[in-house]
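Okay, structure first, notes after.
Chain A is the first sequence line, chain B the second, and so forth, proteins listed ahead of strands; every chain is numbered from 1.
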Amino acid sequence: MRAIAVLSVLWALPALAQTWTSSQEEENRPSDETPGRSHYRVDSNSTFVAYMIRSPLAPVSLEERRFVEWLSVDHIYDVGERNAEGRTRWRLHTRGQLRIDQEFGRDCTRVDDTCYLGTSDDAPRTYQVLTRRTRLDVPGLSLTAEGPNATSVGVGRQTIFDGAGFVRVDGVRIASTPNRFVNIEIFGGLQVVGTSVAGSSGYSSQGTLRLPLPQTLSPRDSLIVAPESAVEVYGGHLRVGDARYLRAELLFRETRDGSGLVARRVGGGLLSRPLPMLTLRARVLHDPALRRIVDALGEAALTLKATSLRVRVFHHEPTFDLGSIWAYFDIIPVQQVELVATQTLGPVQLHGALRGRRAISDKTERDVGGELGAQVRLGAWRLAASGWFWAGDLTPVAFARADVRRAIRDRGEVGIRASLWRFTDPFRAQLYASSFSATLYGGYRLTEYAQVRGEFEYGYNRIVSSRLRGLVSLRVRLWR
Amino acid sequence: MKWSHLKWTHGLLVAFLLIAIGASLQEEPTHADVAETLRGTTVYPPQELAVKMNHELPAHASLRCERCHVGATDSTLASDRLLPTEASCAPCHDAQTQRPGGECSFCHLGEPRASRVPTARLHFSHETHAQTGVPCLSCHQVQRTELATRQHLPTMQSCFRCHGGDGVGRQVPGASSECSTCHLQQGGVLRTEFGEARMLPPAWLFNMEHDRDFLVRHRWVAADNGEMCTECHHENECADCHDGRTRPPSVHPNDFLTVHGPMARRDDTRCASCHTVQRFCAECHARLGLSPMAAPIAAPAGGFHPPGWIENPSGHAMEARRSMNTCTSCHAERDCVVCHGASGVGGGVSPHGPSFAPRCESLRSSNPRACQTCHGGAVPQCP
């Protein structure tokens, strides 16, 4: 896998050199995609990250270096004759994408100069078992046909997002807007998790670890992890109405695996824009299995020329895979009310917020918070400062940040960002501190197709002493 | 820290400082004045107008627009240069334009030179609008204007008087409301990145402005108007960010690693939006000796939680009920079963709420795994 990572970088560099010689000035000839019947696009995005940390509770430190490369090929084919606007009745869109996530270097738990690996062959369940050196994930192939009335039929790996959250599926998705008052979507397939073809575990439901279990695993150890299982997910939504007056939505989603039901959600939403400057929104998500409202929102937003004001109330409780024990614990929801405002005064934009939070149990926890910030653009300079705080029954915490950025010849930027945190942990008296951090960052568009970006961060607090973090990324994007 | 590390880090620090200083000494970019910053430059790049002009003068106001802006009604591209030329001014201003002896300063600012008007980053056909009968002054309101600048070019909101839809603006028959009708595309989505800035949606457009609050709001906006998101964003951008591996700096500000514990208790921002707690969080916590899954060499003496954590009602009981995600970031199911498993399996302390009993049978039939974990053996019966 290291060879693949190296080869990817070697591929990107010649591509970068080629595009460097063929770049064009944009000012008088903006880059515009030629509306050919068939066209394709290749994207490459490479990122290298290295960082080191120290632990406040043990004389250990951690080093990690990670290389992530993302490759994608899209092909679009327009079917049929073009209308006066240059569009065809149907379009076929094929996509293939692959991501390589390679960790290398001293990837271990380190005590001074001694490096301890995170896993042990002799006792695999004694140590943390989650270290992986290479992840080859997020490969996907999908084919989507887009037609009239916003009808689309997609087969393959795709992303669904609705009021129940977003989910990646290997399956089928059908959507249509037969008239401007009705929109419908249904989907179904296998959720992209660790059991998928080189799938990512990043989108699994919260709950028990799912890993392939060896034959020698004892029943006691099986309480740590559950066997991997294919996860099926299906659902859809129906929207009726005109958002200018009132639009209602019903949605449904269900997820199942080898153990049984993972999650079931039904929900609804209302959206109304009775006035151009006023938006009213309400959403609710209910778990019929546990008979609990797991998410709810009510929001009113007023947007004037230079002012916006939002009031929202929301209710949330964490949810877990119904195959894990935590789904059946007596969870209490958290409710929060916010008032958020932004104001533009010439080149200056101000924002502020007031927040209140509560969790009702045998006793009621309450917190209040506030936020204030400003940013101004003066020519090539952009200055920003902000701060927020929370105080009350939960851990008090405060944060302030300043950011100074300068554009470079309309092709890049360089800046410095500094922040100060103040926090206290009520359960560990020794964990109170002010944490300072400063970051130098910059980015530059080498050519029309290539961008380079770097960040260098230094942080200090009395708990973990100094911490350094550096990041360099090169992004090359190609298309024809 | 080792001396070699200090040398490496100091060297990087010096290098970045030199780059920053060098960049700051670069010549001023072409868009500098404050007035220009009041209007975005992503669609209409900054101009350098080198002439004087007064549209309000009766002699100018009485003329038809195309008298001076030759070719405007036949123009089909945004890149067409439609500013008046000397030839269009000469019939009335022959005294000023004659050579030699003309009065160049009558129209020109400073040394005579052409105005620099970069092409608007749009698709636009004046011909289509002219044939449809849209008056020039409907979009270019220069009746009471001296020199027309970028400020007098049509705004997106003014375009939505005809090209609106879905509850925003008004859609006139024949006027497309597709974003790609006007905006440049790049690889199937709108082109949003330009040299000096990114093109972002305005506040009046479905409440989609990408301000600081959008980090919290975007899930509701995406749920209500997800198809609008896909006009500018590829689906993989959602995955890239929510996979917890590549994210904008605004999500976790500087040194979030130190303060993420108190923030996780608040679940603000929601950890589970991007992180699978039993993998991502537990992996690091185990490495650092904070989790029962940690290697013995890394585990701290005395454990992680303070004395009285179990017995204190404000301790683990309240924390678990309010922030269960923080518990699962370190603990596996077996840790909870020790106490909360049924008698014979664990300590017999029931974790269920008061309303659990009526739902027991339906939950047991839906997925018995969790029941078996705590109650052990074969699928248990509900009380």
_Proximal component of R212(B), with respect to chain A [non-hydrogen, under 4.5 Å]_ = side chain

*asked:* Please rank E338(A), R180(A), R291(A) by heavy-atom pairs under 4.5 Å with chain B and give me the top one.
replied: R291(A)

*Interchain contact, W309(B) with chain A, by part (heavy-atom threshold 4.5 Å)*: side chain

*Taking M263(B), R270(B), R265(B), E209(B) one by one, which has the highest count of heavy-atom pairs under 4.5 Å against chain A?*
R270(B)

*Mind ranking Q157(B), E227(B), M324(B), M318(B) by heavy-atom pairs under 4.5 Å with chain A and telling me who comes out on top?*
M324(B)

*Measuring heavy-atom distances to chain B, does A353(A) have an atom under 4.5 Å in its side chain, in its backbone, in both, or in neither?*
neither

*asked:* Taking the basic N atoms (NZ, or NE/NH1/NH2) and the acidic carboxylate oxygens, is any pair closer than 4.0 Å for E299(A) and R283(A)?
replied: no

*Check whether S419(A) gets within reach of chain B through its side chain, its backbone, both or neither, counting any heavy atom under 4.5 Å.*
both

*Would you mind checking if R217(B) and D211(B) are paired as a salt bridge, meaning a charged N to carboxylate O distance below 4.0 Å?*
yes

*Is a side-chain N or O of R191(B) found less than 3.5 angstrom from the main chain of E193(B), in a donor-acceptor match?*
yes

_Please rank S362(B), A320(B), P351(B) by heavy-atom pairs under 4.5 Å with chain A and give me the top one._
P351(B)

*Decide side chain to side chain donor-acceptor pair (under 3.5 Å) for S437(A) and E457(A); before the verdict, give the C-alpha distance in whole Å, the side-chain angles of both, and the deciding distance to 0.1 Å.*
CA-CA 7 Å; S437(A) 178; E457(A) 177 182 341; 3.0 Å; yes

_Looking at R406(A) and E413(A), is any side-chain nitrogen of the basic one under 4.0 Å from a carboxylate oxygen of the acidic one?_
no

*Checking heavy atoms, do the side chain of Q349(A), its backbone, both or neither come under 4.5 Å from chain B?*
neither

*asked:* Given heavy-atom pairs under 4.5 angstrom as the criterion, report whether the side chain, backbone, both or neither of Y245(A) touches chain B.
replied: neither

_N/O donor-acceptor pair under 3.5 Å between N367(B) side chain and A370(B) backbone_ = no

*Portion of S386(A) that has a non-hydrogen atom of chain B nearer than 4.5 angstrom*: side chain

*State, to 0.1 Å, how close P45(B) and A120(B) come at their nearest heavy-atom pair, and which atoms those are.*
CD-CA, 4.3 Å

*Exercise: identify the closest heavy-atom pair between S180(B) and H123(B)*: O-CD2, 3.6 Å

*Mind ranking Q158(A), Q336(A), K363(A), E365(A) by heavy-atom pairs under 4.5 Å with chain B and telling me who comes out on top?*
E365(A)

_I'd like to know if R273(A) and D242(A) make a salt bridge, using a cut-off of under 4.0 Å between side-chain N and carboxylate O._
no

*Among M277(A), E249(A), R247(A), residue most engaged with chain B (heavy-atom pairs, under 4.5 Å)*: R247(A)

*With H340(B), which residues qualify under ring-ring contact (aromatic ring centres under 6.0 Å, His included), at least two apart?*
F329(A)

*May I ask you to name which of T128(B), V277(B), D213(B) has the most heavy-atom pairs under 4.5 Å with chain A?*
D213(B)

*From E455(A) CD over to T439(A) OG1, what is the distance, rounded to the nearest 0.5 angstrom?*
6.0 Å

*Identify which part of R264(A) has an atom lying under 4.5 Å from any heavy atom of chain B, answering side chain, backbone, both or neither.*
neither

*Measure distances from I332(A) to the heavy atoms of chain B and classify the residue's part below 4.5 Å as side chain, backbone, both or neither.*
both

_Best-contacting candidate, A289(A), P276(A), P396(A), against chain B by heavy atom pairs under 4.5 angstrom_ = A289(A)

*Engaged part of D224(B) at the chain A interface, taking heavy atoms whose separation is under 4.5 Å*: both

_Test ring-ring contact (aromatic ring centres under 6.0 Å, His included) applied to F356(B) - qualifying residues, sequence neighbours left out_ = H352(B)

*Considering only heavy atoms and a distance below 4.5 Å, find which of G415(A), A327(A), G163(A), S361(A) pairs most often with chain B.*
S361(A)

*Which region of L271(A), side chain (C-beta onward) or backbone (N, CA, C, O), has a non-hydrogen atom less than 4.5 Å from a non-hydrogen atom of chain B, or is it both or neither?*
side chain

_So for A418(A), is it side chain, backbone, both, or neither that comes closer than 4.5 Å to the heavy atoms of chain B?_
backbone

